[in-house]
Peer 1: 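Before we start, here is the structure in question, set down as structure tokens.
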Amino acid sequence: RQAIVDAGADITICQTSPTVPLPDATATFATSLMWTTSGTGTFADPTLLNAVYLPSVADIAAGSVILTLTGTSAAPCVNAIDQLTLYITSQAIAFAGPDDIICETAGTYTLAGATAGSYTSLMWATSGTGTFDDPTLLNPVYTPSANDITNGSVILSLTAYGMFPCADSTHSMTLYISRQAIVDAGADITICQTSPTVPLPTATAIYATSLLWTTTGTGTFADPTLLNAVYQPSAADIAAGSVVLTLTGTSAAPCVDAVDQLTLYITSQALAFAGPDDIICETAGTFTLAAATAGSYTSLLWTSSGTGTFDDPTLLNPVYTPDAND
């Protein structure tokens, strides 16, 4: 009898399938059977009708291989041959990229490190409430929401939808969002030179990992790392009349440091010296206050414990006229 064989219908598998059963093959009147391949894979037992094929790496790379079933006929009949094509679909691969970190001031984040292969389509998703400019792109731009920033991180997931019969592939990365430090040194301050220390009670700071006060002068801070530090002006500061105090707030990387300044104005203390005690004869009639000195004043005023008069009590060196009561 003439052998008759049917290798079965073509088969499509995913590359992740380690073995391929051939359950649809049929044969009649064959004295023996033999499966062969156009590729480099192997059969668990090529003499079985419903053999199992193990694709090789080269088979997978090629994307298909022809499997041939040969049925030996009893002489003098010829052998019977039939073939099927085994199609091997590549598994979808998604890589969202490595974890990354941005500062909240960046505003957006481009998913430049994402890669994917063997997919029919792509879709990005977020664990937060931010948005993608186009979630179907491989490397979209993500805009974190206020909630994402408050939470400090968000998980971004890329799904590559596989070609039949392969499964979908999903991979995620975490985008960390650092807060930008904000500092306010407070309003400018004016003190008198007699003030030994200067509290800085109106300074404010948020999201700073550390703080540091510095001065353009030579004074010192009791503790420059405190938000509401206390400054001690130096003699040089007082002589200069003002000094700039700078508050720097360190931000968590990759945010930049925050800096704000205030000017400390130091007003000189008014000085008055009426002169040394003196004595005149009543016949002199008047007394000029020639030895009087003053400094750092806005105005002057002479007064008397008696009832005499000054020619101009607002002058530094006026003339005093004693009266009969004096």
Side-chain angles (χ1 to χ4, degrees), residues 181-250 257-326:
I182 302 172
V183 298
D184 184 347
D188 294 342
I189 300 173
T190 299
I191 64 167
C192 183
Q193 72 178 84
T194 56
S195 300
T197 59
V198 186
L200 303 169
T202 60
T204 59
I206 55 174
Y207 311 129
T209 58
S210 63
L211 298 169
L212 184 65
W213 283 96
T214 55
T215 174
T216 58
T218 55
T220 57
F221 293 91
D223 184 343
T225 65
L226 294 180
L227 174 61
N228 302 116
V230 175
Y231 186 65
Q232 302 164 31
S234 66
D237 292 349
I238 294 170
S242 67
V243 65
V244 176
L245 305 182
T246 301
L247 174 60
T248 300
T250 303
D257 294 343
V259 178
D260 194 42
Q261 297 177 325
L262 66 82
T263 300
L264 174 63
Y265 296 98
I266 306 172
T267 304
S268 296
Q269 173 60 47
L271 300 174
F273 177 61
D277 293 345
D278 210 343
I279 187 170
I280 60 171
C281 181
E282 68 175 301
T283 58
T286 61
F287 176 72
T288 300
L289 290 141
T293 59
S296 304
Y297 57 85
T298 57
S299 63
L300 297 170
L301 184 65
W302 283 94
T303 58
S304 169
S305 64
T307 53
T309 58
F310 298 93
D311 62 342
D312 186 340
T314 65
L315 296 179
L316 176 61
N317 305 111
V319 175
Y320 183 66
T321 302
D323 65 3
N325 285 336
D326 293 349

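Heavy atoms only: backbone and side chains are in, while hydrogens, waters and symmetry mates are out.
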Peer 1: For residues 272-300, which side-chain N or O atoms pair as donor and acceptor with protein atoms under 3.5 Å away, sequence neighbours left out?
Peer 2:
none

Peer 1: Tell me, please, which residues at least two apart from Ser210 pass side chain to side chain contact (heavy atoms under 4.5 Å, CB included).
Peer 2: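 With sequence neighbours excluded, Ser210 shows a side chain to side chain contact (heavy atoms under 4.5 Å, CB included) to Thr250, given in chain and number order.
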
Peer 1: Without placing hydrogens or testing angles, list every side-chain donor-acceptor pair under 3.5 Å for residues 183-193, not counting sequence neighbours.
Peer 2:
unit_1: Asp184; atom_1: OD1; unit_2: Gly186; atom_2: N; d: 2.8
unit_1: Asp188; atom_1: OD1; unit_2: Thr263; atom_2: N; d: 2.8
unit_1: Gln193; atom_1: OE1; unit_2: Gln269; atom_2: N; d: 2.8

Peer 1: Which pairs count as ring-ring contact (aromatic ring centres under 6.0 Å, His included) when at least one residue sits in residues 225-250, sequence neighbours excluded?
Peer 2: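 For residues 225-250: Phe221-Tyr231.
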
Peer 1: My understanding is that only residues two or more places apart in sequence, or in another chain, count here; which of them pass side chain to side chain donor-acceptor pair (under 3.5 Å) with Thr194?
Peer 2: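 Thr194 satisfies side chain to side chain donor-acceptor pair (under 3.5 Å) with no other residue.
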
Peer 1: When you measure from the side chain of Trp213 to the backbone N and O of Leu226, does any donor-acceptor pair fall under 3.5 Å?
Peer 2: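 Yes, because the side chain of Trp213 sits within donor-acceptor range (under 3.5 Å) of the backbone of Leu226.
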
Peer 1: Output the distance between atom CG (Leu264) and atom OG (Ser242), rounded to the nearest 0.5 Å.
Peer 2: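 If we round to the nearest 0.5 Å, Leu264:CG and Ser242:OG are 8.0 Å apart.
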
Peer 1: Side chain to side chain donor-acceptor pair (under 3.5 Å) with Gln261: which residues, sequence neighbours excluded?
Peer 2: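 Residues passing side chain to side chain donor-acceptor pair (under 3.5 Å) with Gln261: Thr246.
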
Peer 1: Going by ring pair (Phe, Tyr, Trp, His ring centres under 6.0 Å), name the residues that satisfy it together with Tyr207, two or more places apart in sequence or in a different chain.
Peer 2: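 None.
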
Peer 1: Measuring from Thr197:OG1 to Gln232:CD, what's the distance to the nearest 0.5 Å?
Peer 2: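 Output value for this atom pair is 7.0 Å.
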
Peer 1: Listed by chain and number, what are the side chain to side chain contact (heavy atoms under 4.5 Å, CB included) partners of Pro313, not counting sequence neighbours?
Peer 2: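 In terms of side chain to side chain contact (heavy atoms under 4.5 Å, CB included), with neighbours along the sequence ignored, Pro313 is linked to Leu301, Trp302, Phe310.
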
Peer 1: If I take atom CG from residue Leu227 and atom CG from residue Leu247, how far apart are they, to the nearest 0.5 angstrom?
Peer 2: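 It comes to 6.5 Å.
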
Peer 1: Could you tell me which residues satisfy side chain to side chain donor-acceptor pair (under 3.5 Å) with Thr248, sequence neighbours excluded, listed by chain and number?
Peer 2: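 If we apply the side chain to side chain donor-acceptor pair (under 3.5 Å) test to Thr248, skipping adjacent residues, there are no hits.
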
Peer 1: Is there a side-chain contact (heavy atoms from CB on, under 4.5 Å) between Leu245 and Leu262? Walk through the geometry before answering.
Peer 2: CA-CA 5 Å; Leu245 305 182; Leu262 66 82; 4.1 Å; yes

Peer 1: Identify, with sequence neighbours excluded, every residue that meets side chain to side chain donor-acceptor pair (under 3.5 Å) alongside Ser234.
Peer 2: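 Expected list: Thr218, Asp237.
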
Peer 1: List the residues meeting side chain to side chain contact (heavy atoms under 4.5 Å, CB included) with Ala208, not counting sequence neighbours, and say none if there are none.
Peer 2: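 Listed in chain order: Ala181, Leu211.
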
Peer 1: Side-chain donor-acceptor contacts of residues 319-326 below 3.5 Å, not counting sequence neighbours, with atom names and distances?
Peer 2:
unit_1: Tyr320; atom_1: OH; unit_2: Ser304; atom_2: OG; d: 2.8
unit_1: Tyr320; atom_1: OH; unit_2: Gly308; atom_2: N; d: 3.1
unit_1: Tyr320; atom_1: OH; unit_2: Asp326; atom_2: OD2; d: 2.6
unit_1: Asp323; atom_1: OD1; unit_2: Thr307; atom_2: OG1; d: 2.8
unit_1: Asp323; atom_1: OD1; unit_2: Asn325; atom_2: N; d: 3.2
unit_1: Asp323; atom_1: OD1; unit_2: Asp326; atom_2: N; d: 2.9
unit_1: Asp323; atom_1: OD2; unit_2: Thr307; atom_2: OG1; d: 2.0
unit_1: Asp326; atom_1: OD1; unit_2: Thr307; atom_2: N; d: 3.0
unit_1: Asp326; atom_1: OD2; unit_2: Gly308; atom_2: N; d: 3.1
unit_1: Asp326; atom_1: OD2; unit_2: Asp323; atom_2: N; d: 3.4

